[in-house]
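This report refers to the structure that appears directly beneath it.
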Amino acid sequence: MIKKVITFILNFLLIILGISTFIIIIISKTVLNEEYLKSVLVTNNFYQRAYDDIKDDFENYTMQSGLELDILDSLVSKEKVTNDINKRLDSIFNLENFEVDTNSIKEELNSRINNILVENNRVLEESEKTSIEKYENAIVDSYKSGILYGKQLHIPSDLVSKYLKYTVISMIVLILLIIIINRKIKTILNSCGVILLPIGIIISLVKPLVLHRVQNILMLDQKFSNCLVFVLNDIVEKCFKYGIVIAIVGMLFIIISSINFFQKSIEHKFN
C-alpha cells in the first residue's frame, strides 16, 4: 500500500515535470530561438512591411512639412531596415545594447534640404529653421520606432538550458526512485504509461482550448500581430502533434504492462 502511494506521488510529480519540460523545450525552439524568429519575420514579410510603414510615416511627415516627397527618394533602403531589425534581434539574445544608426539619415536629409534652399536662393528664417529641425527629428524618431518596438530587452542565452537541466535531472531522479521502489517491469511500464498518457492529453488539449482565442490578437501593429499569431499557431500545432504522439506511447505502455500482467496471471493459473 505504501509503495502504491509513493508511486502515485512520484507519478504525479513526473507529470508536472514532464509538462514543464515540454513547455521549456517548445519555448526554446520557438520564441527564444533567434533563427526561428528571423524565419518567422521572413515568412510573414515583416521586413518589407516594416520598410513600407517607415516610408509611409516619412511621407506623412514630409507632406505636413510642405516639402516635396522626392526628397525621400532612397533616403533609407530595405536592406538597412532589414539589417537594423536583425541587429536589434541580435542585441536581445547577445545581451548587448543596440543603438539605431540615424545620423546618416539625418545628415543626408539635412544635405538635401540645404541643396533645395541653395537651388532656390532661399535663406531660412528662425521659425523655418525650427520647423525643419522638428521635421528632421520626426523622421529620425519615426525610423527608430519602426525598428526598436519599445524599450531595450535582453534574454540570457543560458536561461532556458539552465531550467531544462534542472527539470531533466529531477525527472531522472524520480524515475530511478520508481524503479528502486517497485523493481517490477509491469509496474514500471505501467507508471511510464500513467505518466505519459495525461501529459500527452493535457498538451494536445492546448489546441482546442486556445486556437480560436489567438487568431485576432492585435499588439503594437498589424505586422507584429501577424508574426505573433503565426508563432502562437505554430506552438499550438506542435503541442497537438506531439501531445497525440506522447498520449499514444503512454497508452501502449499501459497496454503492454496489462498484457504482461495477464500473461503472468494465466501462467500462474495453469501452474
Side-chain angles (χ1 to χ4, degrees), residues 1-37 39-40 92-93 155-215 217 228-264:
M1 182 64 184
I2 295 177
K3 283 186 179 181
K4 289 183 179 180
V5 172
I6 295 174
T7 301
F8 173 81
I9 294 172
L10 293 176
N11 288 345
F12 180 75
L13 292 175
L14 277 167
I15 291 170
I16 295 174
L17 286 172
I19 294 171
S20 301
T21 301
F22 181 85
I23 292 172
I24 292 171
I25 292 173
I26 286 292
I27 290 176
S28 69
K29 298 295 183 182
T30 55
V31 294
L32 296 183
N33 186 305
E34 184 178 358
E35 293 306 315
Y36 171 83
L37 292 179
S39 70
V40 170
I92 291 174
F93 287 91
I155 298 176
S157 57
D158 63 339
L159 182 65
V160 174
S161 59
K162 184 186 296 184
Y163 284 113
L164 183 60
K165 180 177 70 175
Y166 292 151
T167 56
V168 170
I169 290 173
S170 299
M171 289 178 69
I172 292 172
V173 170
L174 293 179
I175 290 169
L176 289 175
L177 286 174
I178 289 175
I179 293 172
I180 293 170
I181 291 170
N182 293 283
R183 297 183 182 180
K184 292 182 180 179
I185 296 297
K186 176 190 78 69
T187 307
I188 295 170
L189 289 175
N190 184 263
S191 288
C192 290
V194 168
I195 293 164
L196 292 175
L197 181 59
I199 289 176
I201 292 173
I202 292 171
I203 291 170
S204 61
L205 283 176
V206 170
K207 182 175 181 178
L209 289 175
V210 307
L211 182 62
H212 297 294
R213 300 175 187 272
V214 304
Q215 303 309 313
I217 290 176
L228 179 59
V229 170
F230 180 91
V231 171
L232 293 175
N233 282 334
D234 190 32
I235 290 173
V236 166
E237 290 298 328
K238 282 180 168 63
C239 287
F240 183 74
K241 180 175 68 175
Y242 292 120
I244 293 296
V245 172
I246 292 170
I248 291 172
V249 172
M251 183 63 71
L252 288 175
F253 272 119
I254 292 173
I255 292 172
I256 291 170
S257 67
S258 300
I259 291 172
N260 180 266
F261 171 74
F262 284 125
Q263 283 179 340
K264 287 193 173 183

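How far CE of Met251 is from CG of Leu196: 11.5 Å, rounded to the nearest 0.5 Å. In this structure, CD1 in Ile16 is found 12.0 Å from OG in Ser170, a value given to the nearest 0.5 Å. One finds the CG atom of Leu10 at 11.5 Å from the CD1 atom of Ile179 (value rounded to the nearest 0.5 Å). Remark: Phe22 CZ to Ile27 CD1 distance equals 10.5 Å, nearest 0.5 Å. One distance of note links CD1 of Ile188 with CD1 of Ile180; it measures 10.0 Å at 0.5 Å rounding. Between the CD1 atom in Ile256 and the NZ atom in Lys186 there is a gap of 13.5 Å [rounded to 0.5 Å].
Taking both residues in full, the closest heavy atoms of Ile15 and Val194 are given as CD1-O, 3.9 Å, listed atom of the first, atom of the second, then distance. When all heavy atoms of Pro198 and Gly193 are compared, the pair lying nearest together is CD-O, 4.1 Å. In plain terms, the two heavy atoms of Leu32 and Phe93 that are nearest each other are O-CE2, 3.3 Å. Closest heavy-atom contact between Leu17 and Met171: CB-CG, 3.6 Å. Of all the heavy atoms in Ile203 and Gly243, the pair that sits closest is CG2-CA, 4.0 Å. When all heavy atoms are compared, the tightest approach of Asn33 to Ser28 is CB-O, 3.3 Å.
Asp234 places no side-chain N or O within donor-acceptor distance of the main-chain N or O of Phe230, the cut-off being under 3.5 Å.
Within 6.0 Å of CG on Leu209 lie more than 12 heavy atoms contributed by other residues, nucleotides or ligands. Applying the 6.0 Å contact sphere to OH of Tyr36 captures more than 12 heavy atoms from other residues, nucleotides or ligands.
Between Phe12 and Phe8, the two ring planes are parallel [angle under 30°; tilted spans 30° to 60°].
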**Request:** Test Leu14 against Ile178 for side-chain contact (heavy atoms from CB on, under 4.5 Å), laying out the working first.
**Result:** CA-CA 10 Å; Leu14 277 167; Ile178 289 175; 3.4 Å; yes
**Request:** May I have the step-by-step check of side-chain contact (heavy atoms from CB on, under 4.5 Å) for Phe253 and Leu197, ending in yes or no?
**Result:** CA-CA 9 Å; Phe253 272 119; Leu197 181 59; over 6 Å; no
**Item:** Trace of the side-chain hydrogen bond (donor to acceptor under 3.5 Å, both in side chains) decision for Thr21 with Thr167
**Value:** CA-CA 6 Å; Thr21 301; Thr167 56; 3.3 Å; yes
**Request:** Carefully, step by step, assess Ser204 and Tyr242 under the rule side-chain contact (heavy atoms from CB on, under 4.5 Å).
**Result:** CA-CA 7 Å; Ser204 61; Tyr242 292 120; over 6 Å; no
